[in-house]
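Taking it in order: structure first as structure tokens, then the write-up.
Every chain is numbered from 1, with letters handed out A, B, ... down the list of sequences.
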2 protein chains.
Amino acid sequence: MSESDRIADKFTQWQGAGFDATRCPVRDVLDHLGDKWTTLIVIALAAGPRRFNEIDRLIPDISKRMLTQTLRNLERDGFVTRHVFPTKPPSVSYRLAPLGHSLLGPLAALIDWAEARHGEIAQARTRYDRAEGSSEAA
Amino acid sequence: MSESDRIADKFTQWQGAGFDATRCPVRDVLDHLGDKWTTLIVIALAAGPRRFNEIDRLIPDISKRMLTQTLRNLERDGFVTRHVFPTKPPSVSYRLAPLGHSLLGPLAALIDWAEARHGEIAQARTRYDRAEGSSEAA
DNA sequence: CGGTATCCCGAGGGATACTG
DNA sequence: CAGTATCCCTCGGGATACCG
């Protein structure tokens, strides 16, 4: 119960102080995790540094375009660092910066939760859709 | 370090087992948290049940359209329950279901992280943009 | 190898107006 | 009060082709 109270309190405080949606840290972070590839890339880098095409192979259905773009954003926000080795052909490696690494804890909590509750969610969804279906015309 | 290893291991396992992007629990959950309003609504309901227009007021810049839609999704996935009181005019209240309530823990971890690291992220961003700007034509 | 540049489509979501 | 229904426009992101 105190967990929900803590969150509720935070929310109330945000309400009080202007609540610049643009400056809201939560929005800021969630927008990030919300996009299609960020989280997967962070996870892919959890084990250690990887090269561009390595990541590309680890995440089969990502395009180079989105891989580059997402890595750039992660770099911009200080989550990953980019190292260029001027070999021939060039080789670039990405690794989690301390900031990115520090995200792994909270992220792991969320992943564990997701895995634990995924079945429940799927059930709820089926139940809801079944109820909807029966009350609607085909 | 073991935190990152745990995640890395999970990732490797996903790789091994087909990795149906569609059935990936993480994708499933993150897509949810990623959209613009879900998280805010969950937080708004943390303190207790709220009526439709109450939530609308708590989150100033949401439209009725998105509020309804997001609440429906949350209901569908079993995060919130909807109670209709047939008064005149009707009154509808939403509250977190146990499933939704159980999300508050992991979510709080993420929020705490976001608040703690937000400054760092902003700094990294400024630094990156400054470096970018200096190397680019106006 | 590690990217950019372009084109393009569909979904997310805002604004507004109407309803039981 | 608690929604629906429409319109419309932005923009995330896929496909493809090209570059140092």
Side-chain angles (χ1 to χ4, degrees), chain A residues 21-22 24 27-41 44-45 49-77 80-95 128 132 135-137, chain B residues 21-22 24 27-41 44-45 49-77 80-95 128 132 135-137:
Chain A
T22 50
C24 171
R27 278 245 63 82
D28 218 20
V29 172
L30 264 316
D31 281 357
H32 235 95
L33 302 194
D35 63 41
K36 205 172 177 184
W37 304 110
T38 303
T39 311
L40 272 171
I41 293 181
L45 292 176
R50 300 275 180 214
R51 297 180 47 187
F52 187 87
N53 279 340
E54 258 186 302
I55 307 175
D56 204 6
R57 259 172 272 120
L58 286 172
I59 307 175
D61 51 347
I62 196 176
S63 64
K64 283 189 213 174
R65 186 188 182 295
M66 288 319 294
L67 181 53
T68 307
Q69 185 176 302
T70 311
L71 282 169
R72 283 294 181 286
N73 283 330
L74 285 168
E75 194 193 353
R76 180 165 110 99
D77 285 6
V80 311
T81 53
R82 179 169 177 272
H83 307 271
V84 183
F85 303 102
T87 54
K88 180 196 63 156
S91 139
V92 178
S93 117
Y94 295 87
R95 74 173 62 214
Y128 185 93
E132 276 297 285
S135 63
E136 270 180 20
Chain B
T22 50
C24 170
R27 277 246 64 81
D28 218 20
V29 172
L30 265 314
D31 281 357
H32 235 94
L33 302 194
D35 63 41
K36 205 172 178 185
W37 304 111
T38 304
T39 311
L40 272 172
I41 293 181
L45 291 177
R50 299 273 179 217
R51 297 179 47 187
F52 186 88
N53 279 341
E54 259 186 300
I55 308 176
D56 204 6
R57 260 172 271 120
L58 285 172
I59 307 175
D61 51 347
I62 195 175
S63 64
K64 283 189 212 176
R65 185 188 180 298
M66 287 319 293
L67 181 52
T68 307
Q69 184 175 302
T70 310
L71 282 170
R72 283 293 181 287
N73 283 330
L74 284 169
E75 195 194 352
R76 180 165 110 98
D77 285 7
V80 311
T81 53
R82 180 170 176 272
H83 307 269
V84 184
F85 303 102
T87 54
K88 180 194 65 149
S91 141
V92 179
S93 118
Y94 295 87
R95 73 173 62 215
Y128 184 94
E132 277 296 284
S135 63
E136 271 180 19

Side chain to side chain contact (heavy atoms under 4.5 Å, CB included) partners for A:Asp56, two or more places apart |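 Residues passing side chain to side chain contact (heavy atoms under 4.5 Å, CB included) with A:Asp56: A:Asn53, A:Ile62, A:Lys64, A:Leu67.
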Identify, with sequence neighbours excluded, every residue that meets side chain to side chain contact (heavy atoms under 4.5 Å, CB included) alongside B:Arg72.
->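 Counting only residues at least two positions away or on another chain, B:Arg72 forms a side chain to side chain contact (heavy atoms under 4.5 Å, CB included) with A:Tyr128, B:Thr68, B:Glu75, B:Arg82, B:Tyr94.
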Round to a whole Å and report the spacing from CG of B:Asp35 to C1' of C:dG12.
->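 My rounded result for the distance is 9 Å.
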Could you tell me, to 10°, how much the axis swings from one end of the helix from C:dC1-D:dG20 to C:dG20-D:dC1 to the other, five pairs per end?
->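 Rounded value for the end-axis angle: 50°.
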Does the side chain of A:Arg72 get closer than 4.0 angstrom to OP1 or OP2 of C:dG3 through an N or O atom?
->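 Answer yes for this pair, as a side-chain N or O of A:Arg72 is under 4.0 Å from OP1 or OP2.
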Mapping B:Val92 and B:Arg65 to their closest nucleotides on DNA chain D, which lands nearer the 5' end?
->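 The residue mapped nearer the 5' terminus is B:Val92.
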First and last nucleotide of DNA chain D touching chain A, 5' to 3', heavy-atom cut-off 4.0 Å?
->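 Range of nucleotides within reach of chain A: D:dG13 to D:dA15.
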State, yes or no, whether a side-chain contact exists between [X] and [Y] at a heavy-atom distance under 4.5 Å.
X	Y	answer
A:Lys36	B:Leu30	no
B:Trp37	B:Asp61	yes
B:His32	B:Asp77	yes
A:Phe85	A:Pro90	no

Touch check for A:Lys88, heavy atoms < 4.0 angstrom, all strands: base, sugar-phosphate only, or nothing?
->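 Since no nucleic acid heavy atom lies under 4.0 Å of A:Lys88, the category is nothing.
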For A:Phe85, report the nucleic acid contact type (base, sugar-phosphate, nothing); a contact means any heavy atom under 4.0 Å.
->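 Answer is nothing: A:Phe85 stays at 4.0 Å or more from every strand.
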Which residues share a side-chain hydrogen bond (donor to acceptor under 3.5 Å, both in side chains) with A:Thr38, sequence neighbours left out =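 Only A:Asp35 meet the side-chain hydrogen bond (donor to acceptor under 3.5 Å, both in side chains) criterion with A:Thr38.
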Non-hydrogen atoms of B:Thr87 and B:Ser91 that approach each other most closely |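 For B:Thr87 versus B:Ser91, the nearest heavy atoms are OG1-N, 3.6 Å.
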If you restrict it to nitrogen or oxygen atoms, what contacts under 3.5 Å exist between nucleotides 18-20 of chain C and the protein, and what is each distance?
none

Worked verdict on A:Leu45 versus A:Ile55 for side chain to side chain contact (heavy atoms under 4.5 Å, CB included) = CA-CA 8 Å; A:Leu45 292 176; A:Ile55 307 175; 4.0 Å; yes
